[in-house]
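To keep things clear, I will list the structure first and then write my remarks on it.
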Amino acid sequence: VSADCYMHSPPGNNDRNRERNDNRNNGNRLFDSQNNGKGGYAWRGNANFKGQPDPLIYYTGSILRIEWTNQHACGANPNIVCDVVLQYGCDNKAANLVSLSKAGRQFPGLRDGYPNSNEPPEAADQNNPGYTRRRWEARANIPGQQQQNQDGTNTIGDNVYPADATRQERFYTRGDYGGVEFGMHEHYDNYLACKTTERNRGLYTADQKLNRNDARATRQNPNGARRGLECPEERDYYPYWNNKINKWKDIAVLTNDLDRCEYFQENSPNVKAYGYCERPDQSTSRRAPITREDCLAGNWTWVASAPLGGGKPDCKLSMMSRDNHLGNAVVTDPDTGLPKADPVQPETAHYLWEIPEELRDQRCVVRIRYNMSTLDYPSDRYSYDGGRSGVGIDSAKNCPLVKTAINDNDQNVDDLAYDEINTADLQCKQRLTESTIPLTNRPYVRVWPDQPKLSIALNTHQSSRTFQDRSYVFDIQKAPVSGKIWNLNTRGRRGNIVQAYPAVEYDFVPSHLEVTQGDYIHMQFHGSDFNAAKNANNGEGWQYSDRHNCVEARIATQNFPLPRTQMKLFPNANTAKRWALLDQEGCGDYYFGKLGANNNKVQNAFDNCGKLNAAPARFPPNAQDGLMKVGDQVGEEAKTYYYISTRNNNFSNRSHKGQLVVNPNDSLTAGEVAGIVVGTMAGAGLVVAGVCFWGKKNPHSKPGGWYKTCAGKCAKMRGGTTSAPAPDTPYTNYA
């Protein structure tokens, strides 16, 4: 499979975990992506943690930029019918991998899959001492479960401990008995409901032979293959019609036609109650019907399930992208689809998600699904005429499967036998007429009489078709401040542009951030120790790692930091130094060529702090240290700050640069106007620090009088002193 949809921020895993390979180990680990195995990003965080994640923390009400690329176009492109559906799934953080109670939990036991050995961490690189990682317990002889490997990439079982219901529940919900080492998004309960529920027989399945009669079989997945504990029918169709199987909540639907938005918003599981049939047993031989009438006729119980909650999803036009292209999209107005005048730069397709207040204290993942449809049959009709839930086109359009010697095993091969079937439907006889188009697999059609037929490379297994990606887990906390918060993070994977593709090289997210005085920026960086090894020609620093820093530069076209005395992005030298060097300790003295001609030794040395090799994978360790208030007095004109990651910004190989544009806010008082960043912020300390800084810079102002009384607090909060300013000295050559 070579068609793709990849999420780049938050980083999509594409079924990866901790394998140090260019290609993923297992495309069935968590979900069916339909993506190329080379895509996705390795797990990020502290490699030594035992049985737990090391996630980024986002604040409620903050703006998280979700970025992706999709290969087959979307938006106002006339070649395609498309939808991009953004969703989230969460578990209560306090209960996650702790509590067995599932009451009120959306995705109980949600996890990436974490090593859980009690042994001391092992060497993470035999040739370069200093780096360590936790081993996997890889418990053997778990009934119904393949033993975990040392990359954590084996798929969780679908009926573990079948003879012990208590152990089974603890394995899935709390991660006991080795369960924590296996990634799990959908809970086992959801998959059990999937495989014991009747598939929707009103769906268009073309001429595909569906080899199961439950919800695991779809036109795109006719054999019902399992990926993680995902339900294939729920994956392939939106909006889905069973709230026992589906627990995903909608963020937004981005489409090529705004006329479809009303249907999507009214039928979102967030706001519509989709009931389901509850049976007294879970026998797969007696599948639950999907309609109330059939359920009651079987003397079962119809459950009028409540909506999932979260309100109507946003619905807008998708950004316009071209066919056969995993790259930037045209920056368009989401309400009109028209290109924006004079965009700052080309942009990756993205959506700005304001994290809901209701997600406070949750552990979550983000999911993206991209559906591309053909109008050779009216695949999108249901969203215009309000047809039955989940039905894209009436199943009466299906054609019978024609068995021949070459397709008896359901291979996707050109099939010449349709003219022989007994049907009056010309669409099933591969007849191309003024009113019919063949709805059969890879047909041959005659356009000119008595001339050879033309082969049409249209596989009914893939038209229409859904692609998917998902993030690793992240945590959400209540914002400690009031006001708009912008998340500033990084994206990318180790390697040059060809090696990283279809992932992307390093960058800030967003790379161009425009804010207003009084807004907050929440800056956090997340790196991995599990990239495929790339040497110094293709990635800086330790061969398996990602690390990122932020250092102010003079202008975007320069690649050196400003002298520290000229830096204004951060409030003082200590704060600027912290974001440049990331709290590293035990640093050696390195320079190019120190160890002779072998630059790889310098690049991989654990104590080479210039390459950030001793930096933590997640920075800052305390997420609140990354929360900073924008308060620079810029007058009537906007002010722009430039910054780089010195490790990754490798001129002519990759650019890792960012721009921050600060617009004035006339409503701010002098006491609220501080440096562009007033350092680590918490509660009332924000105002105190702001007043102190303004008073120090403006000694004759009213805050100037206050400054003397709070100077001690300022020095403590800002990591500086009140005795004298830093000397204005030039760079010193320490070589």
Side-chain angles (χ1 to χ4, degrees), residues 30 51-53 55 60 87-114 156-162 164-177 179-180 182-197 215 228-231 234 240-251 268-282 288 295 300-311 355-367 470 473-478:
L30 287 168
Q52 67 182 60
T60 56
Q87 298 174 301
Y88 63 89
C90 300
D91 189 17
N92 181 284
K93 181 186 175 184
N96 184 250
L97 301 177
V98 174
S99 174
L100 282 175
S101 173
K102 293 179 283 190
R105 296 167 66 183
Q106 183 187 4
F107 278 35
L110 178 73
R111 55 188 179 268
D112 300 326
Y114 315 114
I156 195 168
D158 66 336
N159 190 20
V160 176
Y161 292 108
D164 190 332
T166 300
R167 284 198 170 205
Q168 182 180 85
E169 187 64 59
R170 291 179 63 176
F171 179 91
Y172 289 117
T173 306
R174 213 165 68 176
D176 293 341
Y177 305 113
V180 72
F182 295 88
M184 188 181 80
H185 287 179
E186 290 89 349
H187 191 271
Y188 172 67
D189 291 349
N190 307 120
Y191 188 73
L192 182 61
C194 176
K195 68 181 183 180
T196 57
T197 297
L229 296 175
E230 176 183 61
C231 183
E234 181 277 326
Y240 194 60
W241 47 87
N242 185 314
N243 277 2
K244 184 175 185 180
I245 294 174
N246 172 53
K247 299 298 180 183
W248 292 97
K249 292 186 179 182
D250 297 335
I251 298 172
S268 164
N270 288 17
V271 297
K272 184 169 181 176
Y274 288 104
Y276 58 87
C277 188
E278 191 74 86
R279 306 171 314 145
D281 64 85
Q282 296 294 340
C295 181
W300 292 321
T301 302
W302 183 258
V303 179
S305 176
L308 298 179
I355 298 177
E357 295 293 333
E358 67 187 56
L359 296 187
R360 173 184 178 180
D361 299 327
Q362 297 289 302
R363 176 160 288 164
C364 303
V365 295
V366 165
R367 178 198 206 192
R470 301 182 185 181
V473 302
F474 55 86
D475 288 348
I476 299 174
Q477 294 181 2
K478 179 178 175 58

Just do the salt bridge (charged side-chain N to carboxylate O under 4.0 Å, His left out) check on Arg105 and Asp91 with the steps written out, would you? CA-CA 6 Å; Arg105 296 167 66 183; Asp91 189 17; 2.7 Å; yes
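Residues Glu169 and Tyr161 fail the side-chain proximity criterion, which asks for heavy atoms closer than 4.5 Å. Contact annotation: the side chain of Asn246 approaches that of Leu308 to within less than 4.5 Å [non-hydrogen atoms, C-beta and beyond]. No side-chain heavy atom of Val160 sits under 4.5 Å from any side-chain heavy atom of Phe182. Counting heavy atoms from C-beta on, the side chains of Asn242 and Glu234 never come closer than 4.5 Å. At least one side-chain heavy atom of Asp250 sits less than 4.5 Å from a side-chain heavy atom of Pro269. By the 4.5 Å heavy-atom criterion applied to side chains, Asn190 and Phe107 are not counted as neighbours. At a threshold of 4.5 Å between non-hydrogen side-chain atoms, the residues His185 and Val365 count as touching. Tyr274 places none of its side-chain heavy atoms less than 4.5 Å from the side chain of Ser305.
Pairing each heavy atom of Arg174 with each of Leu100, the nearest pair is CB-CD2, 4.1 Å. Contact detail for Leu229 and Gly157: the closest heavy-atom pair is CD2-O, 4.0 Å. Heavy-atom minimum distance, Gly89 versus Leu110: O-CD2, 3.8 Å. A pairwise comparison of heavy atoms in Cys277 and Ala288 identifies O-CB, 3.8 Å as the closest pair. The shortest heavy-atom contact between Glu278 and Trp300 is O-CB, 3.6 Å. Contact detail for Thr301 and Cys295: the closest heavy-atom pair is O-SG, 3.4 Å.
Remark: the backbone N or O of Pro108 is not paired with any side-chain donor or acceptor of Asn96 at under 3.5 angstrom. No donor-acceptor distance shorter than 3.5 angstrom exists from the side chain of Asp176 to the backbone of Arg167, with no hydrogens or angles considered. The backbone N or O of Pro162 lies less than 3.5 Å from no partner atom in the side chain of Asn159, so there is not a single donor-acceptor pair. Side chain of Gln362 to backbone of Ile476: no donor-acceptor contact under 3.5 angstrom is found. Asp112 places a side-chain N or O within donor-acceptor distance of the main-chain N or O of Val473, the cut-off being under 3.5 Å. At distances below 3.5 Å, not a single donor-acceptor pair connects side-chain atoms of Gln52 with backbone N or O atoms of Leu97. Using a distance-only test at 3.5 Å, with no hydrogens or angles considered, no donor-acceptor pair links the side chain of Asn270 to the main chain of Lys249.
Checked for salt-bridge contact, Lys93 and Asp361 miss the test: no charged N lies under 4.0 Å from a carboxylate O.
With sequence neighbours excluded, no residue satisfies ring-ring contact (aromatic ring centres under 6.0 Å, His included) with Tyr114. Scored by the ring-ring contact (aromatic ring centres under 6.0 Å, His included) test, Tyr188 finds Tyr172 as partners (sequence neighbours excluded). Not counting sequence neighbours, Tyr191 has no partner by the ring-ring contact (aromatic ring centres under 6.0 Å, His included) test.
If you take CZ on Arg470 and CD on Glu230, they are separated by 4.5 Å, rounding to the nearest 0.5 Å. The line from CG of Leu192 to CD of Glu186 is 14.0 Å long, rounded to the nearest 0.5 Å. We find the CD-OG1 distance between Glu358 and Thr60 to be 11.0 Å, quoted to the nearest 0.5 Å. Summarising the geometry, atom CD1 belonging to Ile251 is positioned 8.5 Å from atom CD1 belonging to Ile355; distances are rounded to the nearest 0.5 Å. Taking CG of Asp164 as the start and CZ of Phe171 as the end, the distance is 12.5 Å to the nearest 0.5 Å. Atom-to-atom distance recorded for Asp189:CG and Lys244:NZ is 8.0 Å, nearest 0.5 angstrom.
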